[in-house]
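Ligands are counted one by one from 1 in listed order, and the atoms in each one are counted from 1 as well.
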Amino acid sequence: MSNDSSVASGAERVSRALRAAAASGRPGDRLPSNRALIAEHRASPVTVARVVARLVAESVLTTAPGRGTFVAPRRERRERDYGWQSVALGPPVLDAEPVRNLVSTPDVDLRVLSSGYLSPDLQPLRELTAATSRALRRPHAWEPADPAGLPELRRLLASAVGPQSEVDAGDVLVVPSGQTGLTTILRTLAPAGSTVLLEEPTYPGAVTATLAAGARAAPAPTDSGGLRPQLLGQALAMSGARVVYCQPMFANPTGRSLAPDRRREVLDVVAEAGAFLIEDDWARDLCFDGTAPAPLLADDLHGRVVHLRSLTKSVAPSLRIGAVISRGPVNRRLADARLADDFFVSRMLQEAAIELLSSAAWPRHLARLRSQLVLRRDALLQAVGEVTPELKVNHVPRGGFHLWARLPDAADDGECESGARRAAVVVGAGADYHLTRPTTSHLRLSFGAADPAGLRSGVQALARCLGD
Ligand SMILES: Cc1ncc(COP(=O)(O)O)c(C=O)c1O
């Protein structure tokens, strides 16, 4: 946001002036009248009244009808001692820092080259606004919703996984985001003290959700074809794990997919161990080259696969709607776990999702998105090839929006990430996606994070840091 008063809106100018006057004045001091503010800042009476009401609500000002506006009394800060909490809390069970980095809202001046979400120009914001305003006119928009989700939305989400999966609306549990889906699944499937196997490297939010459930996170080795079935079998046998987490399609962070000839083997190995497989299918809508393979869920008859998807990835980060799809008794367990959390997902958001997914605009958005993503993948690959040839991208994904770029052997990904951050460029340090110390250094780059020109200028800025 610019500080230049010539481009600030009337509301910003008034708000800034009142805050400054309140900060430098004493409680009870009189502040400029609305009329004076209107004249000085060329703002409308409505704008000034709104800003004053906001600052009253924030306890910055007080108003007395007919008398004027005054600096509000200050809250007294009393001496506090939180030392006892460290004793009561004991050692932390998880360090959520890598996830915090993933979700921090980037400063407008940063060049974002790594993000878990689409850049705003790829989000269907106009369509979402239209869907939301239709949703607001639905008769029960602010009423409670069925704890498992609105039946209409469950039907839409069931059909979105494709006919091969034979999913019924009753198998679908609507959740407020993929991350909540993960915490619910892991809390339900992995008892405290048990082990969960996660593809290595993996999505840090899955590790955090595992640790938050009180379970241990252990690595399941992968290669260019994704999970390695034989090693997965050994890891299941040695650890006694009953839960495996994987992203079979365009995985975050590597962009790799499970090789078609491993699908059956992975499912068999999981079945032999009597385990569940969490299939995080976040990128199903983002397959831009060819047709997306059926989810693993489609090859599973006996309820081994618990499937997860989220609308935040193909729509916008704050359309916090996801789906957990499961069959058999686990479905009821998951629904009960959700009830313990928050009863139901905001009906308003569910209605908006229904309006969007069932509109003619939805398939048009997906088609545009996919055609843009392929252009941006190629733009990022070209920029990396020309500007930072020391970065090697060994796998070119056909979907999703992440590239896994290998750094030269002597380079340290953590240092590259912080150096880039100092130069106002956001990249992902490969080690944040690993459970064990990696032997090679990588950066996660995301081609959905900016337009082609932004991607190129981000890579140019990154090149200057790599050269330092
Ligand atoms: C692989 C993967 N799964 C799940 C999530 C959770 O996304 P959300 O909670 O926004 O739906 C993310 C977010 O970055 C992710 O990358």
Side-chain angles (χ1 to χ4, degrees), residues 96-106 112 114-120 122-123 128 149 153 157 160 172-187 196 198-210 212 217 220 222 226-227 244-258 277-287 295-296 306-325 338 341-342 345-346 349-350 353 373 397 399-404 426-428 430 432-435 444-449:
E97 207 49 33
V99 183
R100 187 165 291 118
N101 290 342
L102 289 180
V103 293
S104 62
T105 33
V112 182
S114 172
S115 170
Y117 299 113
L118 296 172
S119 64
L122 289 177
Q123 297 167 18
L128 192 52
L153 182 57
L157 292 168
V172 177
L173 190 59
V174 178
V175 290
S177 78
Q179 189 61 29
T180 313
L182 269 178
T183 49
T184 305
I185 297 168
L186 284 158
R187 197 154 36 86
V196 173
L198 301 104
E199 279 169 315
E200 172 87 327
T202 193
Y203 163 55
V207 179
T208 303
T210 301
T222 61
L227 278 172
V244 176
Y245 167 82
C246 78
Q247 303 169 56
M249 211 166 51
F250 315 130
N252 174 11
T254 60
R256 294 194 292 236
S257 300
L258 184 64
L277 181 94
I278 304 173
E279 175 178 42
D280 186 344
D281 200 24
W282 65 277
R284 176 142 303 273
D285 290 334
L286 309 176
C287 176
L296 288 178
V306 176
H307 181 94
L308 175 68
R309 65 166 312 198
S310 163
L311 294 184
T312 64
K313 301 300 189 172
S314 46
V315 185
S318 273
L319 186 64
R320 299 205 66 70
I321 298 275
V324 172
I325 302 178
R338 285 281 307 133
D341 281 340
D342 59 359
V345 178
S346 157
L349 267 193
Q350 294 195 58
L373 284 175
F401 42 62
H402 300 303
L403 284 186
W404 195 228
V426 180
V427 294
D432 282 352
Y433 299 84
H434 277 266
L435 282 163
R444 187 190 79 166
L445 305 178
S446 311
F447 45 89

* Hey, is Asp280 close enough to Arg309 for a salt bridge, meaning N to O under 4.0 Å? -> no

* Using distance alone, determine whether Gly178 and ligand 1 share an N or O pair under 3.5 Å. => yes

* Structure fact -> closest protein heavy atom to atom 3 (N) of ligand 1 is Asp280 OD2, 2.6 Å

* Please name the residue in the list Val427, Asn252, Leu403 that meets the side-chain contact (heavy atoms from CB on, under 4.5 Å) test with Arg444. => Asn252

* Structure fact -> Ranked by distance from atom 10 (O) of ligand 1, the top protein heavy atom is Tyr117 OH, 2.5 Å

* State the atoms of ligand 1, each with its element, that fall below the 4.0 Å cut-off from a heavy-atom position in Ser177. => 9 (O), 11 (O)

* Asked: With only distance considered, is Arg320 within less than 3.5 Å of ligand 1 through an N or O on each side?
  -> yes

* To do: May I ask you to identify, for Ser310, whether its side chain, its backbone, both or neither come under 4.0 Å of ligand 1 on a heavy-atom basis?
  => side chain

* **Per-atom contacts, ligand 1 versus Gln247 - under 4.0 Å to a heavy atom** => 1 (C)

* Asked: How long is the span from the CD atom in Gln179 to the OG1 atom in Thr208, to the nearest 0.5 Å?
  -> 7.0 Å

* For atom 16 (O) of ligand 1, which protein heavy atom lies nearest, and how many Å away is it? -> Asn252 ND2, 2.8 Å

* Asked: Do the ring centers of Trp282 and His402 come within less than 6.0 Å of each other?
  -> yes

* Verify whether one side chain among Thr184 and Arg338 offers a donor that lies under 3.5 Å from an acceptor in the other. => no

* Asked: Looking at atom 7 (O) of ligand 1, what's its closest protein heavy atom, distance included?
  -> Lys313 CE, 3.8 Å

* Taking the minimum heavy-atom distance to atom 6 (C) of ligand 1, which of Tyr203, Phe401, Trp282 ranks first? -> Tyr203

* Can Asp341 and Arg187 be counted as an ion pair, charged N to O under 4.0 angstrom? -> yes

* **Modelled atom types, side-chain donor and acceptor of Thr183 and Thr180, under 3.5 Å** => no

